[in-house]
4 protein chains.
Amino acid sequence: MRVERDGPAVTERAAAVPRRGRPRSEQSRLAILDATTELLLEHGLAGASMDAVAERAGVSKATIYRWWPSKEALALEAVYRAWKGEEPSQIDTGSLRGDLRAMLVPWVRRVRERPYGRVIAALVTEAQTDPTFEEQYRTRFVEPRREQGRAAFARAAARGEIPTGVDVDVALDMLYGPLYHRLLHRHAPLNDRFVADVIDAVLRSLAR
Amino acid sequence: MRVERDGPAVTERAAAVPRRGRPRSEQSRLAILDATTELLLEHGLAGASMDAVAERAGVSKATIYRWWPSKEALALEAVYRAWKGEEPSQIDTGSLRGDLRAMLVPWVRRVRERPYGRVIAALVTEAQTDPTFEEQYRTRFVEPRREQGRAAFARAAARGEIPTGVDVDVALDMLYGPLYHRLLHRHAPLNDRFVADVIDAVLRSLAR
Amino acid sequence: MRVERDGPAVTERAAAVPRRGRPRSEQSRLAILDATTELLLEHGLAGASMDAVAERAGVSKATIYRWWPSKEALALEAVYRAWKGEEPSQIDTGSLRGDLRAMLVPWVRRVRERPYGRVIAALVTEAQTDPTFEEQYRTRFVEPRREQGRAAFARAAARGEIPTGVDVDVALDMLYGPLYHRLLHRHAPLNDRFVADVIDAVLRSLAR
Amino acid sequence: MRVERDGPAVTERAAAVPRRGRPRSEQSRLAILDATTELLLEHGLAGASMDAVAERAGVSKATIYRWWPSKEALALEAVYRAWKGEEPSQIDTGSLRGDLRAMLVPWVRRVRERPYGRVIAALVTEAQTDPTFEEQYRTRFVEPRREQGRAAFARAAARGEIPTGVDVDVALDMLYGPLYHRLLHRHAPLNDRFVADVIDAVLRSLAR
DNA sequence: CGGTAATCGAGACGGTACGTCATGTCTTACA
DNA sequence: TGTAAGACATGACGTACCGTCTCGATTACCG
């Protein structure tokens, strides 16, 4: 994310190599991300202006642009950070149904509690146009969950719960696809019941 | 779409009631929609400016704003019109698999031939924020296809192809959801093969 | 003013030569002029739009443009008509002071009773740019009064009230100039008292 | 003119108090004023667009609107600045006639050399409608000259050149009024000869 | 402890698009 | 032919946001 002038990327947290000059203000960084998250959830990406972020964070616009190359990149990181906190990282319930439920139910609950759909749609839209952004988006929002899913299916196969030769990518799309579909199109409720129905259907489709 | 001053909405084509005053220029209307479609596909919604549409259509901006309340509304109608043309309206192949294929394969081909994903993502994003727009979007892009799908499932049930009590809305989300998912996230190919896999999985999940 | 297509100018009132086609609607003409006058006095020239005139007059814009070439020309005629009504046409009081008072006092009263200053300023401004308009303006608003003034001075000279060789044009500018000055700059009251002061000063300046 | 956020108005030239933030570009400010002046003289106020000013000054429209609230306000300051340069500030020739000549002759010459009449008419027109603008106009274009005039008359009275009890405001209107009258109505030449005639007449009118 | 270097705040700037509005022309149906 | 209705091209308006920039002030380290 960061535009590095010298040395390796240090988006997350720099190793404690003492640098010359005034160090980056951690307080500003957090204020920016918090302000961005709030504004995104309140007004969406289009309605959240950099001037507003700067003002709410008590920070200058130049500071923001020093560390994030664009509004979209900032939004990406802000949402990622807000999201990451409650994500269940280690999942292994012992059954495929349990694993899938443990993956999908928290996602749905998170997405329902605040208007994340609007922000996610905007990020997805931006990813269609900007390849750099697309890669960032995929690395943070898509791949981790797919990897988690692949691991769950692999464990299920090892347990003999599902036949070998299952196309896991298709299966994952049939799990996440419907959820995103209801999130973005809002034509029908996105709740635990729907998650259960989707998981049931996928499991049935695998059972021969 | 049109801002009607008196009488019922006549977005599509007005009945031939002779009105006073200079009639709307059909030529301008089409030029605007065509120009919009092209610019959307070339640059996306954010990159397509109203000034550019006006210039390419050989039309004044005021004329555009007379008939469409916003850029997004114009984009919606332009994409809808470009889309509608090749849509298979009447589908009844005699089997559920055939019907679903007839619905989904053309959709996938259409979506692949030009960068519609970018535009659809932008429309979906706008729908998250503007309720009026959301309704327009749903009426034109979501509901017709769902209605078509419900009819196909109803015929299949009547034929005894599928059990009674199938939750059709869930089934439709499991068909369209994965397609939209690959369209918007682009993590894996969206092709006829994938359509077949998805249909197979859904049919298997219904077979008890 | 009128754009004549065939035949002589008939701005004032056409001779009753029977013409082909539907005759001009006298009612519309008056409604347009009245509406224009009212809008000019309410909002000034810039704030009075042709659409507003058309609407208030219950007339179509095309009708206005058929008879007047521009908004300014219409305003000119409207103000002229509103003005002309109360103008004292024949003046001969027997003394120069009396004649001047008879010329200037009604002018001042008229100009004070409604916000004519704003409209006159706008007409003067337009006259600076458009030569055709300037000539119209001068013919209607400047020359008649100057001619009247010249006649008054001529009678005074004939009576021996003032010396021969008086530069009447300068004298007239010293009478009307201060009035317009206060009308347009509004730095000091424009009332009967001021008129008397100006006339007194001019007469004193002529007395040798 | 400037919209001051904190502290006193500093339209003219800010005292050298070091402020935070990027300082205002003096170069841009001058370029804007110069471009405005030229466009005003070439095309008048109505014909001088903000887009044209921005382009000619090599400046963005937003920059102009940051410092001037409207086109008219910008025009006012531009004309004022162009005007002020050659104004004789200190006048005391020893005689009232000399003082008046020193005031009026440069004014007439200035006004004749370029089409200022058109611009002044437009400013006067605007002042009729916008009270804020009117005050700005009066402060810059009317009051300074009247104050100068009052001082000249006061000196003349102190010298015994004119009687006591002269109504100076009337006298000033009889001096400037005719000049503005010829400037704006253009019915007769506005030259040094006319200035001399007007001054003569006013002085005669004061000599009992 | 003074110098060096980077960050931060404030905020002006060029650029670009937005959506609105007014002028004056044109097209149709009706009188 | 004149008129009402109203669509249209043209083009200016004033606003908002983006991303860059120029300052002076601040906060570290390093010699």
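Naming convention: chains lettered A, B, ... in sequence-line order (proteins, then strands); numbering from 1 in each chain.
- F:dC8 atom C1' lies 12 Å from atom CD1 of B:Ile64, rounded to whole Å.
- Taking side-chain N and O atoms only, A:Ser25 has no distance below 4.0 Å to OP1 or OP2 of F:dA28.
- Taking atom CG on D:Leu74 and atom C1' on F:dG14, their separation rounds to 14 Å, with Å as the unit.
- For the OP1/OP2 pair of F:dA7 and a distance below 4.0 Å, the side-chain nitrogens and oxygens of B:Ser60 include no atom meeting the criterion.
- With sequence neighbours excluded, no residue forms a salt bridge (Lys or Arg N to Asp or Glu O under 4.0 Å) with B:Glu72.
- Of the candidate nucleotides F:dA4, F:dT10, F:dG2, F:dA4 has the atom nearest to the side chain of B:Arg20.
- Pairs of residues two or more places apart, or lying in two chains, never qualify as side chain to side chain donor-acceptor pair (under 3.5 Å) while including a residue from residues 43-54 of chain B.
- For D:Glu38, the salt bridge (Lys or Arg N to Asp or Glu O under 4.0 Å) partners are D:Arg114, not counting sequence neighbours.
- Mapped onto DNA chain F by nearest heavy atom, B:Val59 and B:Gly21 fall at different nucleotides, with B:Gly21 at the one closer to the 5' end.
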_For A:Asp34 and A:Arg56: C-alpha separation, side-chain torsions, deciding distance, then whether salt bridge (Lys or Arg N to Asp or Glu O under 4.0 Å) applies._
CA-CA 9 Å; A:Asp34 285 347; A:Arg56 187 177 295 200; over 6 Å; no
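- In this view, B:Ser28 and B:Ser25 satisfy the side-chain hydrogen bond (donor to acceptor under 3.5 Å, both in side chains) rule, not counting sequence neighbours.
- Between E:dC13 and D:Trp67, a contact under 4.0 Å exists linking OP1 or OP2 to a side-chain N or O.
- Not a single salt bridge (Lys or Arg N to Asp or Glu O under 4.0 Å) links D:Lys71 to another residue, sequence neighbours left out.
- Mapping D:Gly58 and A:Ala57 onto DNA chain E via the closest heavy atom, the residue that lands nearer the 5' end is A:Ala57.
- Shown here for C:Arg118 and C:Leu41, the closest heavy-atom pair between the two residues is NH2-O, 3.2 Å.
- Partners of D:Asp130 under the salt bridge (Lys or Arg N to Asp or Glu O under 4.0 Å) rule, at least two apart in sequence or in another chain, do not exist in this structure.
- Here the P atom of nucleotide E:dG14 and the CZ atom of D:Arg24 are 11 Å apart, to the nearest Å.
- Residue A:Glu26 contributes atom CD, which lies 18 Å from atom C1' of F:dT26 at whole-angstrom precision.
- In the helix from E:dC1-F:dG31 to E:dA31-F:dT1, the rotation axis of the first five pairs and that of the last five pairs differ in direction by 0°, rounded to 10 degrees.
- Between E:dG14 and D:Thr63, a contact under 4.0 Å exists linking OP1 or OP2 to a side-chain N or O.
- Rounded to a whole Å, the CH2 atom of C:Trp68 is 15 Å from the P atom of E:dT25.
- B:Ser60 pairs by the side-chain hydrogen bond (donor to acceptor under 3.5 Å, both in side chains) definition with B:Thr63, not counting sequence neighbours.
- For C:Arg66, a side-chain nitrogen or oxygen approaches OP1 or OP2 of F:dG2 to under 4.0 Å.
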Could you list all N or O pairs between the protein and nucleotides 17-20 of chain F that sit under 3.5 Å apart?
from: F:dC18; atom 1: OP1; to: A:Lys71; atom 2: NZ; distance (Å): 3.0
from: F:dC18; atom 1: OP2; to: A:Met50; atom 2: N; distance (Å): 2.7
from: F:dG19; atom 1: OP2; to: A:Tyr65; atom 2: OH; distance (Å): 2.5
from: F:dG19; atom 1: O5'; to: A:Tyr65; atom 2: OH; distance (Å): 3.4
from: F:dG19; atom 1: N7; to: A:Lys61; atom 2: NZ; distance (Å): 3.0
from: F:dG19; atom 1: O6; to: A:Lys61; atom 2: NZ; distance (Å): 2.8

